[in-house]
Amino acid sequence: MEPLQIVWFGAIAALWIGYLLLEGFDLGVGMLMLVGVRGDAEQREQDRRVMLNTIGPVWDGNEVWLITAGAAIFAAFPLWYASLFSTLYVALTLVLLGLIMRAVAIEYRGKRNTDRWRTMWTWALGLGSFVSAFGIGAALALTTTGLPINEYGDREGGPLSWFSLGAVLGGLGVVGFSIVHAQAFLALKSDGPVRERANRFARSWGLLLLLPIVGWVLQVQFLSGSVWSWALVVVAVLALVGSIVAAFRRREGWTFVGMCGFLVAGAAAIFTAAFPVVIPSTLDPAFDLTIMNASSSSYTLGVMTIVASFGLPLVLAYQAWSYWVFRRRVGPESIPAAHTVTPAVHQDA
Amino acid sequence: MDPLDIARWQFGITTVYHFLMVPLTIGLGAMTVYFQARWVRSGDDRWLRMTKFWGKLYLINFILGVATGLVQEFQFGMAWSEYSRFVGDVFGAPLAMEGLLAFFIESTFLGVWIFGWGRLPKKVHLTSLVLAVTASWVSAYFIIVANSWMQHPVGVELVDGRPVLTDIWAVLGNNTAIAAYTHALAGSLAVAGGFLIGISWYHLWRRRRDGIDTVGADGQVIVGESSQVPSRDRTDHSVWISSLRIGAVVAIFGFAAVSITGDIQGKLMYEQQPMKMAAAEAACHTGTDFSVLSLGDPGTRDCSSIVTVIEVPGVLSFLAKGDFTTEVPGITELEPQYQEMYGTTIPDDPRYGAHAGTEVQYVPLMWVTYWGFRLMIGLGAISAFAAAVALWLTRKGTVPSSIWIMRLAILGIVAPFAANSAGWIFTELGRQPFVVAPNPDPSGVDGVFMYTAAAVSPGVTAGELLFSTISLTLVYGVLAIVEIALLVKYTRGGVAAAMPELAAHHDESDDHDDGDGPTDGDGADGEKPRKAASDDVLAFAY
């Protein structure tokens, strides 16, 4: 085991944690567009626009964490990338379709002023977010609990042979977490009815939706946990308790910070427990992909280390700045009236 | 069905589709930066309107490029896992650099730009667009570096049959990459130029048809104003005439740069992939003549049916080497050389599935390379010529009133896009049967190559590949219609479509006819005129 292999395992874990932390809430907001609004049609539309505008400036930047996590696996552990992506072919196709639909929906939803148009994109956004969150959760969970790969790293047993309880747990885990995280985010970033509802939600349904992700964390701990990973589980639980306490006291900032702490520590516990295996084989432990047998050469890892040690701090700095620029809450009063595009021609009678 | 064929079709469809959005993003982004910079310097309302209008179309296009780009990154691992394992040591690095050093900047600062109107100081706001657009140029560089390594593998040595990276600077400075990158950028500018010409032409024509602008006895435009339509004032005229003429200059400059960089690429191709050069020419025998027109059986891979109809002596030598006498090797000479150097069959290894032990066909599909090459050059030249004509026709401040010339100008938007696609199809299919092409010339690393047939994922079934290919193609088809419909809608809306404040200053009562039939526009909820709130930062967005 070379130091750089460990460094890159850590870097990839950090990229995935960054992804779940940031896109977690915008995936959740996407799903809540379908189920999280109340009132008459006009009220619902206004709430949806408030919700959409809380993630508007940042969702695209959040998604790049996924792109970079994927590319970093390719660069640092090409055998991990090849096995994971080809094995989960069907799941990742659905994820791609989901991500395409939601990206386009966010951008195009406001581009025509009709109810039918908006309804169509609301569904694309909600379903796309759900499918992507579920598929990415399932894929991540399976890299920690095992895939049916042979000695070449290729899948045995047909297109759905990866499907298992672990996949469902991971899928529901990320979906549930995203919704709770999104409510904490909306409570912090919005005003008016959306904020009120988000605050109520955090005090009622939150815990139930977090059960699957807790189940995934515990599954990995019982499979391959260590003292360190259990210690991180304890930190995650403490952060969650802190988040709940803050929610009851209506400290919205601290509720959100608590959720972030819960995710960071919980995901770190998963990666720590899995280390140094990157994909366990369910066929034979001898086929396991590890950071030793799946990595690029030390030269490539060295080049990537230099790039990342410049790039990542910079990314953190300007993304933090962009959150600061848009730190103000979005309320109904900041939503301008919908605007109908008319052709710029003489309107002949 | 053969999984290899489906995987190749999928890669072709998703890549060509993605590359319809990318050149417009790259070119139009740069134009929007220019417009906004002029506005920040001068404060002239015309430049603000241009920024907002072209910026809106830029965003409508941008998002589809983002959404389809993700597929590109995923499918290397999904459908081409053997490829990913073979080249992982070198190919993943530029992709990861693209993410870390380009995509993050691009998406973060574009978000800042979209929502930063009126919230950030003007110069900071402009800088955010500059950063986003620069990052999209940088991302193009990294992805072309990755692609060029497949055309011309450098910076590696073979260890246990796999290329291992030894020199990242050689990969980043690959001469093939530099030439292809500048070529693609120039092509993107040509795309943006044609886009500006066509749309501006339509609006100038519309102003004439509606009687707003008229032409005096000397042929000079007499600019008018309409009280009926929002934003149809005098500034509006200068928006379109400036856009059109700037677009034409950019298109001509773009084409000039395309020609120069294309010539450099031709000379590299002669050294690095002589078979691609020969196939582009349908050149069967060694010679110096450039074929303007060759006919033959379209599906052919051999030379027996090729009849050269028109030839220009010496031009092929010029393309390849810069003189008129160099003998450029033809297919019948090259094929035995390739067979000797790289073998006649795919290795007889069970990992290659049904393709193990089959004969290798070294001649690419000639009709694709031959016509791809000619389409690229022909359409590029036509659009540059059209741009020059547009400059001439608009020298007196407006466009001719002919509806047919207007339609041609709109149609002209398509040509540079098609030229770009043809170029990529030519260069990618010309590389076959290799996914990583071996380079016989000394600058390539000996023995580094991979057959496309050996690159697909061994564990993935034809059914899975078919499922994803069909579903992606259907979704892409629907989204193409949606994008074009939105571009048309916002184009027809003119500047007021991107600047609701212009329409709001206008009489609010005639806000009814959406031009899209009875289901659209009127009767929608929340359409009560509401004054934009003081904290209104969102008007440009959702």
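Just so we're on the same page: letters track the sequence lines, and every chain starts at 1.
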With side chains defined as the heavy atoms from C-beta onward, is the minimum distance between A:Y81 and B:L95 less than 4.5 Å? no
Looking at every heavy atom in both A:D154 and B:R85, which two are closest together, and how far apart are they? OD1-NH1, 2.9 Å
What part of A:R155 lies closer than 4.5 angstrom to a heavy atom of chain B: side chain, backbone, both or neither? both
I need the minimum non-hydrogen distance between A:A71 and B:E73, along with the two atoms involved. N-OE2, 3.2 Å
Yes or no on side-chain contact (heavy atoms from CB on, under 4.5 Å) for A:W321 and B:T108, after CA distance, side-chain angles and deciding distance? CA-CA 10 Å; A:W321 175 77; B:T108 306; over 6 Å; no
For A:L84, which atoms come within 4.5 Å of any heavy atom of chain B: side chain, backbone, both, or neither? neither
Could you tell me which portion of B:L131 (side chain, backbone, both or neither) has an atom closer than 4.5 angstrom to a non-hydrogen atom of chain A? neither
Dump the intermediate steps for side-chain contact (heavy atoms from CB on, under 4.5 Å) on A:Y89 and B:F467, then the final yes or no. CA-CA 10 Å; A:Y89 196 94; B:F467 159 67; 5.6 Å; no
Which one, B:S128, B:P94, B:A96, B:G99, leads in non-hydrogen pairs under 4.5 Å with chain A? B:A96
Let me know if A:S295 has heavy atoms under 4.5 Å from chain B in its side chain, its backbone, both or neither. neither
So do the side chains of B:F115 and A:V58 get within less than 4.5 Å of each other, counting heavy atoms only? no
So B:F74 and A:F85, would you call those rings parallel, tilted or perpendicular, with 30° and 60° as cut-offs? perpendicular
Top of B:G463, B:P458, B:G494 for chain A proximity - count of heavy-atom pairs under 4.5 angstrom: B:P458
Carefully, step by step, assess A:V303 and B:M97 under the rule side-chain contact (heavy atoms from CB on, under 4.5 Å). CA-CA 10 Å; A:V303 168; B:M97 291 181 197; 3.8 Å; yes
How many angstroms lie between atom CD1 of A:I100 and atom OG of B:S471, to the nearest 0.5 angstrom? 9.0 Å
Gap between atom CG of A:L15 and atom CG of B:L100 - 0.5 Å precision: 7.0 Å
Would you call the rings of A:W65 and B:F104 parallel, tilted or perpendicular, where under 30° means parallel and over 60° means perpendicular? perpendicular
Chain B interface, residue from A:T93, A:T68, A:L96 that has the most non-hydrogen pairs under 4.5 Å: A:L96
Quick one: are B:L472 and A:L97 in side-chain contact, heavy atoms under 4.5 Å? yes
Measuring from A:T87:OG1 to B:M78:CE, what's the distance to the nearest 0.5 Å? 11.0 Å
Among the listed options B:I105, B:V475, B:V159, B:I212, the residue most often paired with chain A at heavy-atom distances under 4.5 Å: B:I105
Which atoms of B:L486 are under 4.5 Å from chain A, going by heavy atoms: the side chain, the backbone, both sets, or neither? side chain
Report the option among A:A344, A:G157, A:G61 that has the most heavy-atom pairs separated by less than 4.5 Å from atoms of chain B. A:A344
Given the options A:A103, A:S297, A:G311, which has more heavy-atom pairs under 4.5 Å with chain B than any of the others? A:S297
Can you confirm whether A:K111 sits close enough to B:K489 that some side-chain heavy atom of one is under 4.5 Å from a side-chain heavy atom of the other? no
Given side chains that start at C-beta, do those of B:V66 and A:E107 come closer than 4.5 Å, heavy atoms only? no
At a heavy-atom separation under 4.5 Å, does B:V71 approach chain A through its side chain, its backbone, both, or neither? both
Looking at A:V64 and B:S107, what are the two nearest heavy atoms and their distance? CG2-OG, 3.0 Å
Checking A:W80 against chain B: side chain, backbone, both or neither under 4.5 Å from a heavy atom? neither
Test item: B:V482 and A:V104 side chains (from C-beta on) under 4.5 Å apart, heavy atoms: no
Could you give me the CA-CA distance, side-chain angles and deciding distance for B:L70 and A:I67, then say whether side-chain contact (heavy atoms from CB on, under 4.5 Å) is met? CA-CA 7 Å; B:L70 216 58; A:I67 300 176; 3.1 Å; yes
Would you mind checking which part of A:A294 comes under 4.5 Å of any heavy atom in chain B, side chain (CB onward), backbone (N, CA, C, O), both or neither? neither
In Å, rounded to the nearest 0.5 Å, how long is the span from CG of A:L79 to OG of B:S81? 9.5 Å
Toward chain A, the part of B:V456 with a non-hydrogen atom under 4.5 Å: neither
Picking from B:L479, B:T166, B:L101, which has the most non-hydrogen pairs under 4.5 angstrom with chain A? B:T166
So CD1 of B:I114 and CG of A:D60: to nearest 0.5 Å the spacing works out to 8.0 Å
Separation between CZ of A:F326 and CG of B:L120, rounded to the nearest 0.5 Å: 6.0 Å
With heavy-atom distances below 4.5 Å as the criterion, would you say the side chains of B:E483 and A:Y108 are in contact? yes
